[in-house]
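As C-alpha cells, the structure follows; a few thoughts come after it.
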Protein chains: 4
Amino acid sequence: MNVQLLNKKEAIFESTLTLINENGFHGTPMSQIASHANVATGTIYHYFASKDELITELFAHCRVKTNEHIFNVEESLSYKEKFFYIWNRLVDYYLANKKVFWFVEQFYSSPYYELIQQKKNPSYYGADRMRMFFEEGINAGIIRNVSFPTLISLYIGAATSHVKMVTYGFCKAQKQGREDLIEIIWNGVKNQ
Amino acid sequence: MNVQLLNKKEAIFESTLTLINENGFHGTPMSQIASHANVATGTIYHYFASKDELITELFAHCRVKTNEHIFNVEESLSYKEKFFYIWNRLVDYYLANKKVFWFVEQFYSSPYYELIQQKKNPSYYGADRMRMFFEEGINAGIIRNVSFPTLISLYIGAATSHVKMVTYGFCKAQKQGREDLIEIIWNGVKNQ
Amino acid sequence: MNVQLLNKKEAIFESTLTLINENGFHGTPMSQIASHANVATGTIYHYFASKDELITELFAHCRVKTNEHIFNVEESLSYKEKFFYIWNRLVDYYLANKKVFWFVEQFYSSPYYELIQQKKNPSYYGADRMRMFFEEGINAGIIRNVSFPTLISLYIGAATSHVKMVTYGFCKAQKQGREDLIEIIWNGVKNQ
Amino acid sequence: MNVQLLNKKEAIFESTLTLINENGFHGTPMSQIASHANVATGTIYHYFASKDELITELFAHCRVKTNEHIFNVEESLSYKEKFFYIWNRLVDYYLANKKVFWFVEQFYSSPYYELIQQKKNPSYYGADRMRMFFEEGINAGIIRNVSFPTLISLYIGAATSHVKMVTYGFCKAQKQGREDLIEIIWNGVKNQ
DNA sequence: CATGAATGAGGATTCATTCAT
DNA sequence: GATGAATGAATCCTCATTCAT
C-alpha cells in the first residue's frame, strides 16, 4: 500500500474521529465522514467493509498510537521516575488528542467493545506493556504486590477521570491537580 | 400521577435501560423499547417528548437513584469508616446494577452529556454531596487538602475502573482487589 | 385484518405486478412500488419484511388465483371436454392477465424459485389438482398412462409457449392456433 | 482478434453465465464477473460497452451455439427420424448445459428480450431453420398443416418444460418421460 | 491492452414521530 | 390515556462506469 493510499485511509480515520467526537457514532453518517475526508462515499468501502469495521479499526489504530507514545521512555530513569513519566505522558497525550480520548471512551462503553474483545488478545494493542511495567516494580519490591487490574484501575482510572474533569471544565488548575494525583497514587502503591 | 402511570413510566425506563445496554443508543429503536415494555409506541410519547428526552431523563433518574443509595450512611461511623463505606456502597450498587452503570457510562462519553451540562447544575443529581463529604474530611484535617476534582478522579475513577474490570472479566478475585484499591486510595489521601 | 388493510396489501401487489412487468425485478425500486400504490415506502414494510418476501408472496398469490380460476369447471362435462376446457381457461386467464403470466414466468426462471421450493410443498399453491385431474383420466383408461411430469410438460408447456408466442407478436391468428394446439395434444395423449 | 483475446471474452461469457445462474441478473455485479473471470473490472469494458450489452451478446452467443448444435443432423435420415433426433439434441444440449438453458430462459422472461426484439430479425440467431424444417414436413404432407407458432409451442415448449421438470427435480425417470413426450408430439402432429 | 481505485447516483431498509381511532 | 398503522426523511451500502497509470 503506497503513500497515496495510506493518506486516504488516514484522512478517513481523521474525519471519523472528528465527527464522532462532535456527533457520536449514531450522529455521524458515512456520507458526512466521506465529504469531510474529501473522498466519495464508496471510497470508504474500499478500505473498510462497513461502518462497524471502520470504527473498530479506528479504535485499534488509536490504541496502538497511544501505547507507542506513552512507552517512549528513557531506560536510564529510576522506576519511580518512570512511574510518574508514563502517567504524565498518557495524560498529556489524551489532553493533546482529546478526540482520540473521547472516541476511545465512547468505544469502551458501547456495545462495540464487546465485539472486539472476542477476537483480539491484549497484546494486539500493546496493552501488555503496562502489565510488564507493573510486574517489574513488584518484582523489584518497589511497589506493593497487588493485582494488575487493581493497579490499572488506579493508574489508568485516575488518568482518564482527570482528563474528563479537565475536558468537562470542572478542573481549572490542572497543573497542581495532576501533580497531586500521581503523587497520591505513588504514595498509595509504593512499599512502606 | 397514579400508580398505574408510574408503573408504565418505570416499565419504559427499565426497558430502555436493558435494551441500550445490549444494543447501544443507536441500536435501540423506540418501537423495541415499547414492545419490551408492553406498551404501544405512541404511549412513550405521552411520558416523554422525544427519544432524547427519554434518555436524558433516564440518566437523571439513574444518578438520583445511585446517590440515594450510596449516601445512606450511619452518622455514627468515623470519617475513615465512612470513606470506605461509601466507596464500597458505590461499587456494590454498580455491580448489582450493571445496566445502570453501563448506561451512565455510555451517556457520559456521548454527546448527550454535553447537552445536559448546559442546563443542569451539579446539585440537581445530588453530586454536591460528594463535594461536601470531601470538604468535611479536609476541614477536619483527616485527608490531604487537594482539590475536589483530584479527589473525585481518584475515588470515583478507581471505582468505575474497578467495575469495568470486573465486568470485562479481567478481574477474577474481585474481593481482594476491592479492598486493596480503597486501602491504597486511603493511604494516598490521608494526612501523614 | 380488515378491508382497509387488505386493500392496501392488494394495492401493493398490483403495483408490484405492473412495475415488475415493465422493468423487471431489478428495475423496480421499492420507492416506485410505493408511490404507484399510493402508500409510503415504509408502509410496504408493515406488510412484507423485505422486497424478497413481497415478491415471493406475490408469486404465491398469483399461483393460488390462477389455480382457483382454471379449476372452476362444470362436473357434468365429459373428461375430454374438461381436458379442453381447463386448458382454454388457463390460456384465457394468462392472456387476460398478462402481467400475472410474465411475473410468474420471470419468477420461475430466477433464483427466487429455488428459495421457494425448499419451503413449500406442491399442494400449497393448489398444484396437486392438476395431478389429480390427470390421474382421473389415466385410471379411467381415457388417456395414456404416462408420467405426470410428461403430461405437465405437454399440457402446461404448450399453453405457456402459446401465450408467449401471442405476447411476442409471433402469432396473429391465435384462435385457430389454440384450437390446433389443444387438439394435437389430445390426439397425442388419448388412448387409441 | 487473436486467441488470447478470444479466451478473455470467452472467460467473461463463462463467468457471466455461471454467476447469473446462481444469483440472477440483479445479483451479479460486474466486479464479481470480472474477478471470477480473472480479469480486471475495466477489462470487461474493452469487450462490451455496458452490462446490458454483455448480457445481450451472451444471449445471442448462446442461441447461436444451441442452434449450431441441434441442427447438426444427418441428411440421410427420414423426416420422422429427424423430427425425433433434433428434439433429442435440443433436450440433450440443454441438460448438458443447464447454465445456458437457465440463462436463456431468464433472458426471455425479462425486459431484456423486448429490447432485443426491436433490433434483431429471427434469422440472426438461426431461428428460421426451425421454420424451414417444419415447412419441409408440411409440404411433403408428413405432418399436419398447422401454423409455425403452433408447432413451435408444442415442440420447443415441451422440450423446455421437460428440461425444467428435470432440473427442478420433479422428474426422476427422465429417459422414459422423454421418449413418451416426443412420441406423443409426433402422434399429435403427423398426418393420419 | 489491462488494471483497479475512485466515483456518486441509486436502492433497500430503518425508525422517530404523528394522528386518527 | 392508549393504540399502532402510516409516514418519509435519513442512512448504509452497492455497483455500473470511468480514467489515470
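Below, read A as the first sequence line, B as the second, and so on, with proteins coming before strands; counting in each chain starts at 1. The figures that follow rest on heavy atoms only: side chains count, while hydrogens, waters and symmetry mates do not. Keep in mind the model is a prediction, meaning the values are calculated, not measured.
Whole-Å rounding puts the C:Ile20 CD1 to E:dA12 P distance at 10 Å. When the C1' atom of F:dA16 is taken as reference, atom CD1 of D:Ile55 falls 11 Å away, rounded to whole Å. A:Ile12 has its CD1 atom 13 Å from the C1' atom of E:dT7, to the nearest Å. Taking atom OH on A:Tyr47 and atom C1' on E:dT7, their separation rounds to 12 Å, with Å as the unit. Summarising the geometry, the separation between CD1 on A:Ile44 and P on E:dA5 is reported as 16 Å, rounded to the nearest angstrom. Atom CD of D:Gln32 is separated from atom P of E:dG4 by 17 Å (rounded to the nearest Å). Separating the CZ atom of B:Phe48 from the P atom of F:dG1 is a distance of 13 Å, rounded to the nearest angstrom.
For the side chain to side chain contact (heavy atoms under 4.5 Å, CB included) with C:Thr56, the qualifying choice from C:Phe48, C:Phe107, C:Tyr113 is C:Phe107, the only one to do so.
Taking the ring centroids of A:Tyr108 and A:Phe103, they lie at or beyond the 6.0 Å cut-off.
Residues D:Lys99 and D:Thr18 have side chains that bring a donor and an acceptor to within less than 3.5 angstrom of each other. The closest side-chain donor-acceptor pair between A:Ser31 and A:Thr41, if any, does not fall under 3.5 angstrom.
Nearest-nucleotide positions on DNA chain E for D:Asn38 and A:Val39 put D:Asn38 closer to the 5' end.
In this structure, the side chain of B:Ser15 engages the main chain of B:Ile33 through a donor-acceptor pair within 3.5 Å. Between the side chain of C:Thr16 and the backbone N or O of C:Ile12 there is at least one donor-acceptor pair closer than 3.5 Å. Here the side chain of A:Lys51 pairs a donor or acceptor atom with the backbone of A:Phe25 at under 3.5 angstrom. With A:Thr66 contributing its side chain and A:Cys62 its backbone, the two residues share a donor-acceptor pair below 3.5 Å.
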Q: Can you check each nucleotide of nucleotides 14-21 of chain E against protein heavy atoms at under 4.0 Å and return B for base, S for sugar-phosphate only, - for none, in 5' to 3' order?
A: BSSBB---

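The side chain of D:Lys8 contributes an N or O atom lying less than 4.0 Å from OP1 or OP2 of E:dA2.
Residues satisfying the side-chain hydrogen bond (donor to acceptor under 3.5 Å, both in side chains) test with B:Tyr45, not counting sequence neighbours, are none.
Paired runs in DNA chain F that reach 3 or more consecutive Watson-Crick or G-U pairs, where each pair keeps both distances under 3.5 Å, cover E:2-21 with F:2-21.
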